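To find a chain, count down the sequence lines: A is the first, B the second, and so on, and within it residues start at 1. Being a predicted model, the structure only gives us computed values, none of them experimental.
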Amino acid sequence: MKGEGLEPNVFTYNILLKALCKNGKVDGACKLLVEMSNKGCPPDDVSYTTIISSMCKSGEVDKAKELALRFEPVVPVYNALIHGMCREYRIQEAFDLMNEMVDKGVDPNVISYSTVISCLSDMGNIDLSLAVFGQMFVRGCSPNVHTFTSLIKGYFLRGRLGDALGLWNLMIREGVWPNVVSYNTLIHGLCSNGNMDEAISVWNQMERDFVRPNVTTYSTMINGFAKSGDLISACEVWNKMINCGCRPNVVAYTCMVDVLCQMSMFDQAFDLIDSMIADGCPPTVVTFNNFIKGLCRSGRVEWAMSVLYQMEKYKCLPNIRTYNELLDGLFKVNAFREACGLIREMEEKEAELNLVTYNTIMYGFSFQGMNQQVLQLLGKMLVNGVKPDDITVNITVNAYCKLGKVRTAIRVLDNITAEKEFCADIITHTIVLWGICNWLGTEEAIVYLHEMLKKGIFPNIATWNVLVRGFFSNLGHMGPIRILDDILGTQ
DNA sequence: ATAGGGTTAG
């Protein structure tokens with residue numbers, strides 16, 4: 001350009017800025033920003049928005065905010081920052097930015113509100129989501145298809161199907177037409193709430209509305225059918241996708257790997273993974289996790305372990321889910337040594353154990369009768385800041401009971417139940433009943449049984465098994481007969 | 001005409 005005697009203008013520089021950002025050279029873009037001023041072509045709003053948005057997308061939202069402080073930000077800059085905060089669920093800071101906008105008279109627009117609403121929906125806070133929706137109206141800003149779609153997503157996440165569908169109808173009544181993303185959100189919401197029939201009818205409605213399904217739509221349907229056990233329909237959607245000229249991407253392939261595994265077509269699943277390379281969309285760790293999960297669930301754990309070591313060839317690193325699936329598989333086939341070997345391997349690689357990992361290992365250990373080690377693992381879990389769930393509690397209570405520390409088990413349960421973080425279910429109670437029968441005697445078990453009934457927790461077949469066995473081993477044959485009389489008398 | 005902000009699936 002310079003050879004031709006042409007001077008770059010602000011458009012030229014902004015295109016260059018965008019190119020630098022897109023190639024991960026944000027530092028270079030910042031240098032160019034300085035150079036622009038020196039060359040007598042000062043950066044404009046677009047220049048700043050480009051850089052700040054790029055920083056936010058690469059997770060450098062604090063650096064982006066610092067840069068934004070150096071000038072008077074416009075709405076798109078604020079929106080990029082809000083999105084950056086929301087990406088990390090820093091919702092308070094997103095609200096702070098919104099308030100700052102209002103204070104400075106830079107009115108938040110539909111994009112600002114929709115970004116926050118989408119974030120709150122993802123966080124499961126549909127009530128706050130609706131509050132922002134209301135505030136948006138008060139401030140004279142109208143929702144668009146993004147806003148409605150984000151709210152609908154939030155309702156589905158909380159299982160509120162009726163509210164989600166109500167909002168969908170409201171959206172259409174307001175003259176806001178759904179696009180392919182809205183349809184995908186609706187279909188996914190119905191599928192993940194176990195409403196496959198409704199999902200199919202929406203998918204048909206989509207065609208009548210002349211909204212073309214994209215690869216996300218097909219993947220959502222394949223996954224929906226796969227999760228509901230309708231593998232034939234899942235395959236039909238895959239074929240339809242190919243016939244309609246829609247090229248599968250890595251997600252579509254990954255869903256299909258799951259389908260083939262569920263059909264026990266493991267060789268075909270592997271062939272499909274292999275063909276992904278040739279098709280230019282290489283498998284990811286999620287693809288392999290599906291394959292490994294399928295193999296483990298059918299007891300082919302050795303094969304699954306060999307896949308773990310093949311992943312490297314595909315430049316895929318196993319993640320915690322890979323290990324969790326394999327550990328579960330190994331424990332289920334009683335390959336205790338191999339499971340311990342894998343745990344050591346995880347420690348060497350400094351893999352961060354999560355809730356599922358701890359539950360899986362503790363469960364595996366308890367099946368080996370290693371109850372002391374179960375309690376040690378609970379300690380390790382708490383030290384590492386991993387919050388136990390109801391499964392952890394049941395495994396722990398079981399360990400205490402097996403060790404004969406039934407009173408401790410009951411005390412631990414009372415404490416966490418009082419904090420309302422946990423609600424003991426029939427499984428918990430059956431475990432404790434086992435402990436009482438075996439260590440404290442059947443009379444106390446009957447007292448406990450009555451307390452259970454008073455709380456509205458009703459015995460199932462496993463509970464009765466525990467009681468009957470307990471009575472046989474403790475009282476000879478008279479006990480169980482009395483209990484059986486009770487059952488026959490009441491049911 | 002050429003540059004900037006938000007929604008979906010494994």
So what does [X] hit on the nucleic acid, given a heavy-atom distance under 4.0 Å: a base, only sugar-phosphate, or nothing?
{"X": "Thr287(A)", "value": "base"}
{"X": "Val250(A)", "value": "base"}
{"X": "Val75(A)", "value": "base"}
{"X": "Ser114(A)", "value": "base"}
{"X": "Val110(A)", "value": "base"}
{"X": "Val116(A)", "value": "nothing"}
{"X": "Asp258(A)", "value": "nothing"}

Can you see if the side chain of [X] gets near the phosphate of [N] - specifically, an N or O under 4.0 Å from OP1 or OP2?
{"X": "Lys57(A)", "N": "dG6(B)", "value": "yes"}
{"X": "Lys153(A)", "N": "dT7(B)", "value": "no"}
{"X": "His83(A)", "N": "dT7(B)", "value": "yes"}

Report the distance from atom [atom1] of [X] to atom [atom2] of [N], rounded to the nearest whole Å.
{"X": "Phe148(A)", "N": "dG6(B)", "atom1": "CZ", "atom2": "C1'", "result": "15 Å"}
{"X": "Met1(A)", "N": "dT2(B)", "atom1": "CE", "atom2": "C1'", "result": "11 Å"}
{"X": "Asn184(A)", "N": "dT7(B)", "atom1": "CG", "atom2": "P", "result": "14 Å"}
{"X": "Leu16(A)", "N": "dG4(B)", "atom1": "CG", "atom2": "P", "result": "13 Å"}
{"X": "Leu20(A)", "N": "dA3(B)", "atom1": "CG", "atom2": "C1'", "result": "13 Å"}
{"X": "Tyr13(A)", "N": "dT2(B)", "atom1": "OH", "atom2": "P", "result": "21 Å"}
{"X": "Phe71(A)", "N": "dG4(B)", "atom1": "CZ", "atom2": "P", "result": "16 Å"}
{"X": "Asp45(A)", "N": "dA3(B)", "atom1": "CG", "atom2": "C1'", "result": "12 Å"}

- Asn354(A), Thr392(A), Ile361(A) screened by side-chain contact (heavy atoms from CB on, under 4.5 Å) with Met381(A), the one that passes: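 Only one option passes, and that is Thr392(A).
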
Donor-acceptor pair under 3.5 Å, [X] side chain vs [N] base:
{"X": "Thr284(A)", "N": "dG10(B)", "answer": "yes"}
{"X": "Thr115(A)", "N": "dG6(B)", "answer": "no"}
{"X": "Asp44(A)", "N": "dG4(B)", "answer": "no"}
{"X": "Thr254(A)", "N": "dG10(B)", "answer": "yes"}

Could you identify which residues of [range] place a heavy atom less than 4.0 Å from some atom of DNA chain B, listed by residue number, or say none?
{"range": "residues 220-235 of chain A", "result": "Thr220(A), Asn223(A)"}
{"range": "residues 192-217 of chain A", "result": "Val215(A), Thr216(A)"}
{"range": "residues 90-100 of chain A", "result": "none"}
{"range": "residues 304-325 of chain A", "result": "none"}

- Task: Give every residue pair that meets the salt bridge (Lys or Arg N to Asp or Glu O under 4.0 Å) criterion with at least one member in residues 382-395 of chain A, sequence neighbours excluded.
- Result: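 Qualifying pairs: Lys387(A)-Glu421(A).
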
- Any Leu128(A) side-chain heavy atom under 4.5 Å of Met123(A) side chain: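 Answer no - side chains too far apart.
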
- Query: Below 6.0 angstrom between ring centroids: does that apply to Phe266(A) and Phe270(A)?
  - Reply: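 Ring-ring flag for Phe266(A)/Phe270(A): false, centres at least 6.0 Å apart.
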
SB check [X] [Y] (cutoff 4.0 Å):
{"X": "Lys65(A)", "Y": "Asp96(A)", "answer": "no"}
{"X": "Lys153(A)", "Y": "Asp122(A)", "answer": "yes"}
{"X": "Lys332(A)", "Y": "Asp328(A)", "answer": "yes"}
{"X": "Lys63(A)", "Y": "Asp27(A)", "answer": "yes"}
{"X": "Glu35(A)", "Y": "Lys39(A)", "answer": "yes"}

- Message: Filter on ring pair (Phe, Tyr, Trp, His ring centres under 6.0 Å), then keep only pairs touching residues 330-362 of chain A, sequence neighbours left out; what's left?
- Response: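 Residue pairs with at least one partner in residues 330-362 of chain A: Phe336(A)-Phe365(A).
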
- Query: Can Ser129(A) and Ser121(A) be counted as having a side-chain donor-acceptor contact under 3.5 angstrom?
  - Reply: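 There is such a pair (donor and acceptor under 3.5 Å, judged by atom type) between the side chains of Ser129(A) and Ser121(A).
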
- Query: Under 30°, 30 to 60°, or over 60°: which ring-plane class applies to Trp203(A) and Tyr218(A), parallel, tilted or perpendicular?
  - Reply: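 If you compare the ring of Trp203(A) with that of Tyr218(A), the planes turn out perpendicular.
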
- Message: Checking Gln205(A) against Tyr183(A) for the side chain to side chain donor-acceptor pair (under 3.5 Å) test, could you report, in this order, the C-alpha distance in whole Å, the side-chain angles of both residues, the deciding distance, and whether it holds?
- Response: CA-CA 9 Å; Gln205(A) 183 62 40; Tyr183(A) 270 107; 5.0 Å; no

- Query: Would Ser201(A) and Asn204(A) count as a side chain to side chain donor-acceptor pair (under 3.5 Å) if you check the C-alpha gap in whole Å, the side-chain angles of each, and the deciding distance to 0.1 Å?
  - Reply: CA-CA 5 Å; Ser201(A) 98; Asn204(A) 290 327; over 6 Å; no

